[in-house]
Structures are given as structure tokens and as C-alpha cells.
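Notes follow once the structure below has been shown.
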Amino acid sequence: MKMQFIILISLFVIGAMAGKYSKEMNEQNKASDKNNNQVEFRIAKLNQIWEKALRMQLAPVRLSELHSDLKIQEKDELQWKKLKAEGLDEDGEREAKLRRNFSIILAKYGMDGKKDTRTLDSNRLKDHDFKEGETFDDPRLDKLWNKAKSSGKFSDEELQTLQREFKHHKDRINEYNIVMDTVSRTEEIHKNVISPLEGEVKEHVLHQKHADLKQRMRDLNQGFERLRKITHEGYSDDSEFKEPRVIELWEMAKRSNLSEDELDSLKEELKHFETKVEKHQHYQEQLELSHQKLKHVEALGDEDHIMRNKEKYNTLAEKAREMGYKMKKHLQDLTNKISRNGLQHNEL
């Protein structure tokens, strides 16, 4: 009896020590992950993309943009998992949209495994530092841009604004091509469907993708017409906005079913949003300048100086990511608000 008691006590002590050890090890592992930035996102595949981006050594601004896109994707996927658990995505429409958005992210940052001739990374400090010989990878855009540059209708500031619009339109073309590619792949899968019920679900998803493609094509055509008009006539004195994404939202809103009062209210909100976009761009520029300075200091080898510049760079990087997420989340909310009033379009 005494021996059994001693054994029982020994097992209890060993168990307690093991439990304490396991808890300490888990806390150490968590701390290690936090300190080493190994776990940036709650979804494994998003962490894998982030780690790959770090290995690729994307330029700081691109890395900041990617972080914001992944945060938005994470929020949407976690929200979808909750809806799916409640049985609210029976047709798989939300899941299909998440996959499409994820494909756009991969292609946008050159991580989809495809050879891409687009300039995905850049260390240019400002959008308007457009090097001689660079193109928009679209003959119509190149022709229009060259005409605008030589027209004499634009001040330097207006030309910078116009260039941002051209670049934004180029990005929209790239996104359209990505979505078109995903539709083609879905159609190939659809051909191999055996179950009639499964076929009905995929038919619905395919219909949604085609509807999205048509809307994107309409937006692209309207966007190009806007660029063509501005190139020929110049900017008017009463131009509402300067930032391409804000201009696009305003044009979408004017084509929607919003009332005059709703448009006036939205205009004020878009003005606040434009200020947020401009502030974010300022931080991106500061981040890139800080990165250039850090590289210069690292080449000199002064450890104290390197440490101070690293701290400043990391602070700016965190601020740029935080602002980038808020700005893109606001963009998503505004797009959804306008879409619910007559348009069926949403993007990252």
C-alpha cells in the first residue's frame, strides 16, 4: 500500500512537471514565432505566400502592398469559414470568389508560377519617375500616352496624375486577364463533371464568373474612353478627384442607381478616402527612402547607425502596412456600397 502511494505521488509529480514543461515550451515557441515573424497570418497558405515574398526580396512598397492584400484575403476567408459552418454558402459562390481573388494576388506579385513579362517589382521612389523606353504593355495605351506627353495640354503635375491613371488602367487589364484565365480553367473542369447536381452548382459558379468578366470589360472600355477624352481635351478645372481609384469609384457611382442626395454624401466620403490614399502614398515614399538609406548605411558598416536606421525602417514598414490595410478595406467597403446600387463588381 505504501509502495503504491509512493508510485502514485511520483506519477503525479512527473505529470505536473511534464505539463509545466509542455506549457513552457509552447510559450517559448509562441514567443519565438512572434520575435522571428514566422507567423504573420492565421491561415497557413497565406503565411507560405508571405514567406515566399520575403525570400524573393520584393521591394518594400510591393511587400507592404502584398501584406495589405493578404490581410484582406485573410479577413474574407475567415468570414467565409464562419458562413460555411452556418450553411450559408451552399452554391459555393463566395468560395469561388475567394479563390479568384487569391489567384489575382498570386499573379499580381509574380507568385503564380507563370513567366510574366510585366514589371512586378520596382524600386522607383515615385510613380511619375517613368523611364524613357518603358511602356504600358498595350499598344493603345502607349499610343495615347505618347500623344498626351507631346500635346502640351498638361502641366507636370497633371501629367503625373494622368500617368497614375494610365498605370491603374494597365493593372486593371492585367486583373481582367487573370480572371479570364480562371474562367477558362473552370470551363475545363466543368467539361469533366459527371454528377448532374455537381454540374448545376458549377454551372452557377461559371455564370457568375462570366458576369464578372463582362462587367470588368465594360469598366475597362469606359476607363479607356475616359483616358482618351482626357488626352484629347485635357483636365477640366472642375475635376472632382485626382487619384485613379477614387476617380473610378466616382464614375461607377454616377452610373449606378444612387439618388442625388446619396451621390452628394458619397462624394464627401470619397474626398476623405482620397486623403487617406494620398497619406498612404506619402508613407510608401518615406518607406522606400528609408530602405535606400538603410542599404547605404549597411554598406558603411557602422553597427549603431545600422540599428537606428533599421528601427526607423521597421516602424515605417509597420505603419505603411497598417495604413495600406485600412485604405484597401475602405476601398472594398466603398466598392460594395456602390455595387449594391446597380453594379455587380468588386475587386481587391
Side-chain angles (χ1 to χ4, degrees), residues 65 68-69 72 97 100-101 104-105 108 118 127-128 136-138 140-141 144-145 148 154 157-180 211-236 238-258 262-281 284 323-348:
E65 287 287 316
S68 299
D69 284 341
I72 293 287
K97 185 177 179 180
R100 183 180 68 225
N101 286 347
I104 289 174
I105 291 174
K108 184 178 176 182
R118 286 173 291 164
D127 285 341
H128 60 268
F136 292 103
D137 300 329
D138 182 286
R140 293 197 309 167
L141 284 181
L144 213 55
W145 172 245
F154 304 94
E157 184 179 354
E158 287 175 335
L159 207 55
Q160 291 166 19
T161 300
L162 183 60
Q163 189 190 359
R164 285 202 300 272
E165 289 204 53
F166 270 78
K167 286 188 174 184
H168 181 64
H169 189 81
K170 173 188 169 182
D171 290 340
R172 297 293 306 285
I173 292 173
N174 291 336
E175 287 179 9
Y176 173 83
N177 290 334
I178 292 164
V179 175
M180 187 166 61
D212 182 42
L213 266 177
K214 287 179 182 178
Q215 184 59 56
R216 285 175 183 269
M217 178 54 73
R218 281 195 289 270
D219 288 346
L220 281 174
N221 289 335
Q222 287 162 348
F224 183 79
E225 281 305 306
R226 172 184 162 76
L227 290 176
R228 189 185 62 77
K229 183 179 178 182
I230 292 173
T231 300
H232 282 76
E233 301 175 7
Y235 282 109
S236 61
D238 59 346
S239 295
E240 300 286 353
F241 305 102
K242 293 182 179 180
E243 290 301 323
R245 280 169 290 194
V246 184
I247 292 168
E248 183 180 34
L249 285 172
W250 180 238
E251 293 296 325
M252 286 170 60
K254 288 192 292 185
R255 296 194 301 269
S256 72
N257 298 325
L258 291 168
E262 288 172 326
L263 278 175
D264 288 341
S265 175
L266 181 64
K267 186 188 291 186
E268 288 303 310
E269 190 174 357
L270 287 175
K271 286 178 181 176
H272 291 302
F273 177 63
E274 186 169 55
T275 301
K276 189 179 291 186
V277 173
E278 290 170 348
K279 193 173 181 181
H280 178 234
Q281 287 178 341
Q284 284 185 319
M323 291 188 67
Y325 170 76
K326 289 180 179 177
M327 187 267 292
K328 291 199 174 191
K329 178 65 173 64
H330 196 173
L331 173 63
Q332 187 183 58
D333 292 342
L334 284 166
T335 307
N336 288 338
K337 181 188 290 188
I338 297 169
S339 297
R340 284 195 297 269
N341 288 276
L343 294 174
Q344 301 298 319
H345 180 72
N346 187 20
E347 66 180 276
L348 281 167

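As the structure is a prediction and not an experimental result, all values here were calculated from the model.
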**OP:** Please report the shortest heavy-atom distance between Leu213 and Tyr176, naming the atom on each side.
**Re:** CD2-CE1, 3.3 Å
**OP:** Run through Glu158, Glu157, Glu278 and flag the one making a salt bridge (Lys or Arg N to Asp or Glu O under 4.0 Å) with Lys242.
**Re:** Glu157
Original post:
Are any of the side-chain nitrogens in Glu165 or Arg226 under 4.0 Å away from the carboxylate oxygens of its partner?
Top reply: yes
**OP:** List the steps and the verdict of side-chain contact (heavy atoms from CB on, under 4.5 Å) for Val277 and His280.
**Re:** CA-CA 5 Å; Val277 173; His280 178 234; 5.7 Å; no
Original post:
Roughly how far, to the nearest 0.5 Å, is the NE2 atom of His169 from the CG atom of Leu141?
Top reply: 5.0 Å
Original post:
Got Leu227 and Trp145 here, is their nearest side-chain heavy-atom distance under 4.5 Å?
Top reply: no
Original post:
Which pair of heavy atoms, one from Leu331 and one from Thr335, lies closest together, and at what distance?
Top reply: O-OG1, 2.7 Å
Subject >> From OG1 (Thr275) to CE (Met327), nearest 0.5 Å >> reply: 13.0 Å
Original post:
What closest approach, in Å, do Glu243 and Glu274 show between heavy atoms, and which atom pair accounts for it?
Top reply: N-OE2, 2.9 Å
Original post:
Hey, are the side chains of Glu65 and Lys328 touching, using non-hydrogen atoms and a 4.5 Å cut-off?
Top reply: yes
Original post:
Just wondering, do Gln284 and Met323 contact through their side chains at under 4.5 Å, heavy atoms?
Top reply: no
Original post:
Mind checking whether Ile247 and Met252 have side chains closer than 4.5 Å, heavy atoms only?
Top reply: no
Original post:
Under a 4.0 Å N-O cut-off, is there an ion pair linking Asp171 with Arg245?
Top reply: no
Subject >> Residues forming a ring pair (Phe, Tyr, Trp, His ring centres under 6.0 Å) with His330, sequence neighbours excluded >> reply: Phe273
Subject >> Carboxylate-amine/guanidinium contact Glu251 Lys254, below 4.0 Å >> reply: yes
Subject >> Ile173 and Phe136, any side-chain heavy atoms less than 4.5 Å apart >> reply: no
Original post:
Only one of Asn257, Leu249, Asp333 forms a side-chain contact (heavy atoms from CB on, under 4.5 Å) with Ile338, so which one is it?
Top reply: Leu249
Original post:
Nearest 0.5 Å, what's the CG-CZ distance between Asp138 and Phe166?
Top reply: 10.0 Å
Original post:
How long is the span from the CG atom in Leu266 to the CH2 atom in Trp250, to the nearest 0.5 Å?
Top reply: 6.0 Å
Subject >> Backbone of Ala253 reached by a side-chain donor or acceptor of Ser256 within 3.5 Å >> reply: yes
Subject >> Pairwise side-chain contact, Gln281 with Arg164, heavy-atom cut-off 4.5 Å (strictly under) >> reply: yes
**OP:** Tell me yes or no: between the side chains of Asn336 and Gln332, is some donor less than 3.5 Å from an acceptor?
**Re:** no
Original post:
Taking it one step at a time, do Lys271 and Glu240 satisfy salt bridge (Lys or Arg N to Asp or Glu O under 4.0 Å)?
Top reply: CA-CA 9 Å; Lys271 286 178 181 176; Glu240 300 286 353; 5.4 Å; no
**OP:** Indicate yes or no for a side-chain donor-acceptor contact from His232 to the backbone of Arg228 under 3.5 Å, with no hydrogens or angles considered.
**Re:** yes
**OP:** Give the minimum heavy-atom separation between Ser68 and Gly324, together with the two atoms involved.
**Re:** OG-C, 3.2 Å
Subject >> Exercise: identify the closest heavy-atom pair between Phe154 and Thr231 >> reply: CZ-CA, 4.1 Å
Subject >> Euclidean distance, Arg100 CZ relative to Glu175 CD, rounded to 0.5 Å >> reply: 10.5 Å
Subject >> Reported CD1-to-CD distance for the pair Ile230 and Glu225, which is rounded to 0.5 angstrom >> reply: 11.5 Å
